[in-house]
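Quick note: residue numbers are just sequence positions, from 1.
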Amino acid sequence: MTVKASQKILKYQKLPKQSIKKLRLIALIESTILRLFGTAGTWLLFWLSWFRLALAFTVFIFVFATAYYFVFPKFRRMRYRYYIGNDRVEIIEGVIFVRRKVISIEHLQKITVNRSFFDNRYGVAKVCLVSDKKTVKCRFIESDKAEEIALYLKTVLYDSIDSEKREGQMCIVH
């Protein structure tokens with residue numbers, strides 16, 4: 001597949017459906033940690049002889065953690081957006097606190113596609129963009145799409161570098 005640097009391949013994109021599996025795994029780990037802390041809190045309440053409060057706390061933690069596992073990954077997937085254009089990469093994520101990360105393609109120094117064991121299992125990858133000031137990760141993207149994005153960004157970046165070199169050479173000649 002060839003990618004032309006002059007064309008925009010992506011507008012604001014949502015995460016693919018297969019990313020919900022990885023998001024559910026993350027939610028399972030987070031809700032398990034929440035249940036462990038809830039169990040410790042319940043034992044403390046039992047130790048203090050607050051049995052009714054301990055029972056209410058246990059039920060609340062169980063219901064909240066279960067709802068967190070089923071509901072939160074869907075909301076997180078709905079709220080995650082990314083945009084890749086000729087001049088910038090923009091990532092919008094967060095459910096309660098929305099974070100917007102913008103990085104200029106001109107300032108990119110390194111573009112990599114990373115996959116962990118779980119990423120490979122669920123068919124997703126991360127595109128890591130490193131600039132002189134910050135690192136931005138575009139996560140939960142299909143593996144093929146992540147490779148396409150990395151290729152596109154490298155093409156845009158190298159084309160801009162080549163055009164700057166040509167402009168510099170033209171100035172020297174005159």
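- Here R77 pairs with nothing under the side chain to side chain donor-acceptor pair (under 3.5 Å) rule; sequence neighbours left out.
- Connection of I33 to F62 is not established within any shared hydrophobic cluster, with ILVMFWY side chains joined at heavy-atom distances below 4.5 Å, either directly or through further cluster members.
- Legend: residues meeting salt bridge (Lys or Arg N to Asp or Glu O under 4.0 Å) with K14, ordered by chain and number and at least two apart, are absent.
- Taking CD from E148 and CD1 from I84, the interatomic distance works out to 9.0 Å, rounded to the nearest 0.5 Å.
- Other residues, nucleotides and ligands contribute over 12 non-hydrogen atoms within 6.0 Å of the NZ atom of K101.
- Take W50 and apply the side chain to side chain contact (heavy atoms under 4.5 Å, CB included) test, not counting sequence neighbours, and it matches L45, L48, L53.
- Tracing side-chain contacts under 4.5 Å through hydrophobic residues (I, L, V, M, F, W, Y), one reaches V127 starting from L157; they form part of the same cluster.
- Follow the hydrophobic side-chain contacts under 4.5 Å out from F64 and you never reach V95; the two are in separate clusters.
- Two residues are said to be in side-chain contact when any heavy atoms from C-beta on lie closer than 4.5 Å; R24 and Y69 meet this criterion.
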Identify all side-chain donor-acceptor contacts of residues 25-32 below 3.5 Å with residues at least two apart in sequence or on another chain.
residue: E30; atom: OE1; partner: Y68; partner atom: OH; Å: 2.3
residue: S31; atom: OG; partner: A27; partner atom: O; Å: 3.0
residue: S31; atom: OG; partner: L28; partner atom: O; Å: 3.1
residue: T32; atom: OG1; partner: L28; partner atom: O; Å: 2.7

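- The side chain to side chain contact (heavy atoms under 4.5 Å, CB included) check on F70 picks up T66, with sequence neighbours excluded.
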**Q.** Check against side-chain contact (heavy atoms from CB on, under 4.5 Å), L129 and L153
**A.** CA-CA 10 Å; L129 308 170; L153 290 174; 3.6 Å; yes
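- Linking Ile, Leu, Val, Met, Phe, Trp and Tyr residues whenever their side-chain heavy atoms come within less than 4.5 Å places F97 and F72 in a single cluster.
- Clustering of Ile, Leu, Val, Met, Phe, Trp and Tyr side chains at separations under 4.5 Å leaves L36 isolated, with no partner residue.
- In terms of hydrophobic clustering, with Ile, Leu, Val, Met, Phe, Trp and Tyr side chains grouped at heavy-atom distances under 4.5 Å, V136 and Y80 are assigned to a common cluster.
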Could you pull out every donor-acceptor pair under 3.5 Å between side chains of residues 107-115 and any protein atom, sequence neighbours left out?
residue: R115; atom: NH2; partner: E147; partner atom: OE2; Å: 2.6

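- Counting only heavy atoms from C-beta outward, the side chains of V89 and Y82 never approach each other to under 4.5 Å.
- Scored by the side chain to side chain contact (heavy atoms under 4.5 Å, CB included) test, F51 finds F46, S49 as partners (sequence neighbours excluded).
- Distance check, rounded to the nearest 0.5 Å: CD1 of I141 to CG of D144 gives 12.0 Å.
- Nearest heavy atoms, I105 versus G85: CD1-O, 3.0 Å.
- Remark: R139 engages E93 in a salt bridge (Lys or Arg N to Asp or Glu O under 4.0 Å) (not counting sequence neighbours).
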Could you list the donor-acceptor pairs under 3.5 angstrom formed between side-chain atoms of residues 119-126 and any protein atom two or more places apart in sequence or on another chain?
residue: D119; atom: OD1; partner: K22; partner atom: NZ; Å: 2.4
residue: D119; atom: OD2; partner: S116; partner atom: N; Å: 3.2
residue: D119; atom: OD2; partner: S116; partner atom: OG; Å: 3.3

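- Remark: T39 OG1 to I61 CD1 distance equals 8.5 Å, nearest 0.5 Å.
- Evaluation of the side chain to side chain contact (heavy atoms under 4.5 Å, CB included) rule for I92 yields Y12, R81, E90, V98, R100 as partners, not counting sequence neighbours.
- Residues passing the side chain to side chain donor-acceptor pair (under 3.5 Å) test with T42 are T58, sequence neighbours excluded.
- R88 has its side chain out of reach of I103: every pair of non-hydrogen atoms, C-beta onward, lies at least 4.5 Å apart.
- Of all heavy-atom pairs between N86 and V156, the closest is O-CG1, 3.6 Å.
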